[in-house]
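Quick note: numbers below take in every heavy atom, side chains included, and nothing from hydrogens, waters or symmetry partners. Each chain gets a letter, A, B and so on, in the order its sequence line appears, and its residues count up from 1.
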Amino acid sequence: MTYRDRLSGLNPRVLTRIDETQLEVDWIRSATAQQLLDLATDQLGLKPLTNVALPHQTALELGNLTRAELFNLLEPHFDSGTSTAKDLADQVQLCRAFANPRQVTREVANYVEAQVQKFPTKADHLRVGSNAGDVLDPFILAANFELLSEQSLQQTIEHTASHKVLMKIEDLVGHLHENVIGEMRGNFRVPEPQGKGGKEKMDPLFNPFPGADVGQVPLSEKQAALRLFQVKSKTGSAKGGDGKRLGDQLIALEESYFADTYYVAIVGNTLRGHRSRGAVAKASPRTAILVGSSALNELTQSAVGAELLLRVYQRAFRTASEETGYRFSELAVNMAADFEERANLHGTDFLSAWLHDAVDGPSEEQDSRRQSKKTRRHKLE
DNA sequence: CGCAATCGATTTGCGAATTC
DNA sequence: GAATTCGCAAATCGATTGCG
């Protein structure tokens, strides 16, 4: 019985993507180094290079070279004043990883741009977050003002804004990992659960792989086992009870699909201090728990996965910066002016002004006893 | 049906509890 | 006693729920 037989009955769109990614990885597994090189030169509109790849070298051998190694190989074939050798080295790695590099890089840039559009641009974006209750903490603002900002309103606002932006970027990067790794040859992004039933309940149509973010078709030496990954940015992400919950999900995936499961963190150079390793291992003993390069090697089936991600992301960030025109420091000046203006209006310093904005309100909106709706749940009982 | 509130997921940081 | 793990906090996002 092949891995594919065990998947029959799953959502047809998921199966289509799995079959597609199987073909994509089959190509690179069977291609020669020359074929990979030809693909890369063709995509850049360059003439084919005939005397770079060794006759019996495979595409994987060439594609798994580091960027520096590739560059050294290619550099003698181009004029030293141009960036062509570098571009081609990049393109070889991209073609090794993705079946459609151009589309992937464009989509990543689009995604980044969409998130940049949600970065703060006005003072009101700092005063309250996207959730109405997430009001900026005036006491932390005071600490920021005194301890970080030399009592400068301008600096205080810059620190506050950058904190907010970096929180958004954390979320952004986490999603990039899932989506970009899911696009690589042999991998597929596990679709978000659809419709009702919850995120944790397995359903062949609406939620076939609860607990996994990325799937991978089997290795050529172990054809029976689908590989399923729970991907985190760092080991600190899941804590306490999350580990047990994830472990329970992973072991359910192993049993349902005869799958090998992986609990991986992209960033991290040691398992020491892993917050949820224990809980996952206890609930799902056969799940491999990996961090850093060890994680990337499994996810990308290459030794240069981390390099590749950085390259794709940096390009996207630069493109997004140019295309959105988001200018952090200019916006911070405007936001600071707005805070100052509000303070002058109230005739006090801006910390006091914001303190009242952050805690004052009609008691009907602040006191559950005055909210006549329905009874609320309480933690203790 | 549309919008607001809520729920569950993610991140980091910190201190308490537990384990070796 | 040191190292590890657990649990809580604040912040964000997206999906679901529920109200008018």
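In the set C:dA11, B:dT12, C:dC13, C:dC13 carries the atom at the smallest distance from any side-chain atom of A:Asp171. If you check C:dA11, C:dG14, B:dT10 against the side chain of A:Asp137, the one that comes closest is C:dA11.
A:Phe209 and A:Tyr257 have their aromatic ring centers within a separation under 6.0 angstrom. Between A:His159 and A:Phe145, a ring centre-to-centre spacing not shorter than 6.0 Å is recorded.
Here the P atom of nucleotide B:dG8 and the CG atom of A:Leu246 are 15 Å apart, to the nearest Å. The NE2-P distance, from A:His175 to C:dT12, rounds to 15 Å in whole Å. Summarising the geometry, the separation between CG on A:Leu271 and P on C:dT4 is reported as 11 Å, rounded to the nearest angstrom. Summarising the geometry, the separation between NZ on A:Lys234 and P on B:dT10 is reported as 16 Å, rounded to the nearest angstrom. Atom pair A:Leu136:CG and C:dT12:P shows a separation of 9 Å (rounding to whole Å applied). The NZ atom of A:Lys168 sits 17 Å away from the C1' atom of B:dT12 (whole-angstrom rounding). Atom CD of A:Gln249 and atom P of B:dG8 are 14 Å apart (whole Å). One interatomic measurement links the two molecules: CE of A:Met167 to C1' of B:dA9, which rounds to 13 Å at whole-angstrom precision.
Within 6.0 Å of CZ on A:Arg277 lie no more than 12 heavy atoms contributed by other residues, nucleotides or ligands.
Looking at A:Glu307, its side chain does come within 3.5 Å of a backbone N or O of A:Arg67 through a donor-acceptor pair. Without hydrogens or angle criteria, A:Ser83 side chain to A:Lys86 main chain gives no donor-acceptor distance under 3.5 Å. At least one donor-acceptor pair under 3.5 Å links the side chain of A:Asn187 to the backbone N or O of A:Leu299.
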Would you mind writing out the side-chain donor-acceptor pairs for residues 334-346 of chain A within the sub-3.5 Å range, not counting sequence neighbours?
{"from": "A:Asp338", "atom 1": "OD1", "to": "A:Arg127", "atom 2": "NH2", "distance (Å)": "3.3"}
{"from": "A:Arg342", "atom 1": "NH1", "to": "A:Asp357", "atom 2": "OD2", "distance (Å)": "2.6"}
{"from": "A:Asn344", "atom 1": "ND2", "to": "A:Glu340", "atom 2": "O", "distance (Å)": "3.4"}

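Note on A:Lys232: a side-chain N or O is less than 4.0 Å away from OP1 or OP2 of B:dT10. Contact check, A:Lys164 against C:dA11: no side-chain N or O comes under 4.0 Å of OP1 or OP2.
Contacts of residues 139-151 of chain A with DNA chain C (heavy atom under 4.0 Å): none.
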